[in-house]
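The structure appears right after this line, and notes come after that.
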Amino acid sequence: MGKDGLTGKGVNTRLTHSGNKPSDFFGFVNPPVAHGSTILFPDTATMVSGTQKYTYGTRGTPTTDALATAIDELEGSAGTIIVPSGLAAIVVPLLSFLKSGDHLLLVDTIYYPTRRLADTVLAGFGVEVDYYDPLIGAEISALMKPNTKVVFTESPGSNTYEVQDIPAIAAVAHAAGAIVMMDNTWATPLLFKPLDFGVDISIHAATKYPAGHSDILLGTVSANSQCFDQLYQTFVALGVCSGPDDVYQVLRGLRTMGVRLERHEKSALEIATWLAGQPGVGKVLHPALPGNAGHDIWKRDFSGSSGIFSIVLQGATTGQAHAFLDALDIFGLGYSWGGFESLAVHVSLNDRTVSNRDYGGQVIRLNIGLEDVADLKEDIEKGLRAAAIST
Ligand SMILES: Cc1ncc(COP(=O)(O)O)c(C=O)c1O
């Protein structure tokens, strides 16, 4: 099936068939992995005319086009760039739309390396940086300045998963002449489509659910028609292109992302609900559980939840948090998420500057993988028992 036949089709049909047309490459179901820096031109006339589709490897290849087209199909975007990591997918749009003297607003629950980028590199270039509370909604108007150029959102936020009122924030930002970027990694475009809610630029660490196997680093940035050209020109200027094998692997991962996410969602919800009744567990920070900050907005705007959330070990010490983690066998101790395997980490919230809430204990982030839920519960029980007897 070609791209043209996908309009109005269900999301799993689009995941299965978008990106490349088999008929463009001898009927092969998958696109070629184009290893290329140099691309030859037939003659000088073609070279100077600017009519040849591919001109140099940094600007795009049939492999990057296949993934970018598939992501555009999911995001409803005018164009997508592919970059070497999720963090690069945050760096490139910020560098594209900010210059010295501009003001940048970011949500306080941001992925920490985004904050580090803003406070070091961007602030060093003369960008004014402020943070806002994730529950601010339309009251973000009080923080807008004449020089505010970008509002950077991530919803739900990292580690504590507060859900933001993106349409309200976008309306205020646009009225003030700013554009809105969103790190949409948690939801993927399957569970939330940022551009439908007023966001101009949607960002993904494709490292997580799109790749799905903890073996690839990649990022995607998708923009509406007003923003894509400026984004693409900066992408080309910076030379942050990605290796074709990694790009291919993410397209491969997309084909199964729908079914993987269904399983991640189901298992994570079952474990989160169960954890809410376990001794030693205070809050369960999961957007789909009633009582979580922004739960009503999640219900209004999202079509589901993914497989990562946090728990609070009620009144626990750091030693108890470590005892919990060290007792786990199936959950690995490691960064990142969205892969097939369960992971757990102890989360620090010390970087937050404007939304310091008391969560009542140590926060542990759980990435629920594709293992059997009964085994994962048994593993967590071991952790909770270890935390209870540790001091
Ligand atoms: C919300 C979020 N955005 C972006 C990233 C960055 O992705 P990468 O690890 O590919 O740089 C991460 C990584 O953990 C993340 O959690």
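All residue numbers in this chain count up from 1 along the given sequence. Bear in mind that the values here come from a model prediction, so they are computed numbers and not experimental data.
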From CA spacing to verdict: ring pair (Phe, Tyr, Trp, His ring centres under 6.0 Å), H264, Y209: CA-CA 10 Å; H264 285 296; Y209 292 113; 5.2 Å; yes
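- The shortest non-hydrogen separation linking R255 to S18 is NH1-O, 2.7 Å.
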Quiz: residues 266-289 side-chain donor-acceptor pairs under 3.5 angstrom, not counting sequence neighbours:
{"from": "S267", "atom 1": "OG", "to": "R263", "atom 2": "O", "distance (Å)": "3.1"}
{"from": "T273", "atom 1": "OG1", "to": "L269", "atom 2": "O", "distance (Å)": "2.6"}
{"from": "H286", "atom 1": "ND1", "to": "A288", "atom 2": "N", "distance (Å)": "3.0"}

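- Residues D183 and T153 have side chains that never bring a donor and an acceptor to within less than 3.5 angstrom of each other.
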Would you give me the side-chain donor-acceptor pairs under 3.5 Å for residues 100-107, sequence neighbours excluded?
{"from": "S100", "atom 1": "OG", "to": "F125", "atom 2": "O", "distance (Å)": "3.4"}
{"from": "D102", "atom 1": "OD1", "to": "K99", "atom 2": "NZ", "distance (Å)": "3.3"}
{"from": "D102", "atom 1": "OD2", "to": "K99", "atom 2": "N", "distance (Å)": "2.9"}
{"from": "H103", "atom 1": "ND1", "to": "T148", "atom 2": "OG1", "distance (Å)": "2.7"}
{"from": "H103", "atom 1": "NE2", "to": "D130", "atom 2": "OD2", "distance (Å)": "2.8"}

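- Interatomic distance, CG of L195 versus CE of M182, reported as 10.5 Å (0.5 Å rounding).
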Exercise answer: donor-acceptor pairs, residues 137-144 side-chain atoms, under 3.5 Å, sequence neighbours excluded:
{"from": "S141", "atom 1": "OG", "to": "A138", "atom 2": "O", "distance (Å)": "3.2"}

Evaluation steps, salt bridge (charged side-chain N to carboxylate O under 4.0 Å, His left out), between K53 and D65: CA-CA 11 Å; K53 185 169 165 67; D65 275 359; 3.5 Å; yes
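- For F41 against M47, the heavy-atom pair with the smallest separation is CD2-CA, 3.6 Å.
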D133 and R357: CA distance, side-chain angles, deciding distance, salt bridge (charged side-chain N to carboxylate O under 4.0 Å, His left out) verdict: CA-CA 10 Å; D133 188 292; R357 295 188 169 79; 3.0 Å; yes
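- Remark: aromatic rings of W298 and Y161 are distant, center separation not under 6.0 Å.
- Remark: R260 fails to qualify as a cation-pi partner of F340 under the 6.0 Å distance and 45° angle criteria applied to the six-membered ring.
- The shortest side-chain heavy-atom distance between L67 and Y248 does not fall under the 4.5 Å cut-off.
- Partner F331 forms a side chain to side chain contact (heavy atoms under 4.5 Å, CB included) with one of L343, I380, N367 and no other, that one being I380.
- If you run side chain to side chain contact (heavy atoms under 4.5 Å, CB included) between V150 and each of I179, L122, D200, V127, only I179 comes through.
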